[in-house]
Amino acid sequence: MTPGTIRFRLFILMGALTSMTLALACASYETFKTYQLGRQQLEASHFLSEAISTERNSRRLHRRHDVSLKNEAEFRRYIRGQLTYLENKLLYLGSLTIITLLSGLAGLQIFMGFTVIRPLKDLSRKMTDFMCDRYTYRFSVPGSDEIGHMHATFNALAQRVITNMDELRTLDQAKSEFLNIASHELRTPLTSIKGSLSLMRSGVVGEVNEMTGNLLTIAETETDRLIRLINDFLDLAKIEAQKLSLRQDWRSLNDVINGCLKSLQGLAQQAEVRLLTEALPPLEARIDGDRIQQILTNLVANAVKVSPKGKSVTIRANVDEGHRLAIEVRDQGCGIAPQDQEVIFQKFRQATTSPLVKGTGLGLAIAKALVEQHGGEIGVRSVPGDGSVFFFTLPEWRYGSQKPTEAAA
Amino acid sequence: MRVLLAEDDPNISLIAKISLEKLAGHEVTVVCDGEQALNQALTQNYDLILLDEMMPKMNGLRVCKEYRTRCPDPKPVIFLSARSQECDLREFNENGTGFIPKPFDPTALPRQIRDLLERAA
């Protein structure tokens, strides 16, 4: 037990209190024993005096008896005096014991208050401050007792947390910088390649014969694919690094859906798939319009790719029983096996039976992350052989002022 | 039409130059930083100025502001920029005739320019 610790001080305090109380208790006990002895002697003397009186009355030998009686009476007076003294002493010792105990308890209370409760409260206040990013712990000098030790440990811990946080911040900054540089450095050359190819294709820089045309097509297709891939990668990297901020605004859902339809008209015509929208109520949602259009375009493009020729893809929006706005994309393709329905929303995963062999495997992962960032959910309902319905929900929506649009395209 | 094109990426400027010359028959002068752009715009006579927003020495918006205050008869200015946030767009439209988002399709560039000029006229 080291001096200076609370345990040591408590031991001393409690030891002193216990020994004082014990000494007082012993003294009281001794006094009480003497007192009882006195009482016995007093009674014995009474008894003796009564016996002598009886003897004197019967035998008339009163002179000798008178002396004895007088002695006994004197003895009793002396004993009574002693008993009174002992009673006072007992009373005094009793009160002293109680006072000692009470003051000991009060002392303990004060001791605990100063050495335990106050430092604990102080430490807890500093911890609260730390939680609120006010670093008051730096100004405290911990004592040498157990709580002081705890305080010092907390200080060290806090210092480490701050160091780690600084490191994380630096790393986070490096990550942002990397993403910015990567997106710029990867996109710039592709932009030039794409621009050059489309100029060559337009024929302004020279006649394009069939073979050159075929080669240009390969270069163009693959450039487009690379651009898509890089955009997907960067989107996902940004989402994962939590660097993608949404620009949310009240937008008409019809505008978003029409924008998506317009951009996919070419693809649909090529695949000979009809794009349909069911009559939509005039709804508005608080969304990042570009991002929701990106999600919807991804879902519709997938639906077109899996649809056989002559079939249709339907987009509809409705409000479900949970008062959530859901946007659905229904295709008439081959459907998705139940074991694939979870997998397809993971990165780099496609359904094992997927005809989308040329996809990046990132589209649905991005869509899921973006929908979740909007506070919604994404999912699929599908019966193999009977098409699939991809849907996502948007939590913040209202009825808009627009007239409902009729089925388009 | 005599066009001044300020763009620091030589690939992009070559693509834009070919597009404007071959597809639309404009006469294109290329400069690669903000200071040159301002000098050329003030000293030579152009019908249209195309400014990249991000350029060394002086950015496109500053070139445009300088040009408009110093030139007695400023010609239309169109920005090329990868920035597409609403506040940026407003700034482009307030300072110049309009804005063409990057990356642009070189086969569509002449048409985009014509549309912007017609809208302004």
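Throughout, protein chains are lettered first and strands after them, A, B, ... in sequence-line order, and every chain is numbered starting at 1.
With salt bridges taken as basic N to acidic carboxylate O contacts below 4.0 Å, one links K75(B) and D73(B). Between R90(B) and E94(B) there is no salt bridge, since no side-chain nitrogen of the basic residue lies less than 4.0 Å from a carboxylate oxygen of the acidic one. For the pair D224(A) and K194(A), the salt-bridge criterion is met [side-chain N within less than 4.0 Å of a carboxylate O]. A salt bridge between K102(B) and E53(B) is absent, with no side-chain N of the basic residue lying under 4.0 Å from a carboxylate O of the acidic one.
Residues from residues 1-38 of chain B that place a non-hydrogen atom less than 4.5 Å from a non-hydrogen atom of chain A comprise D9(B), N11(B), I12(B), I15(B), I18(B), S19(B), K22(B), L23(B), given in numerical order.
Contact check for N254(A) versus T277(A): no side-chain heavy atoms found under the 4.5 Å cut-off. Side-chain contact check for I78(B) versus I49(B): every heavy-atom pair is 4.5 Å or farther apart.
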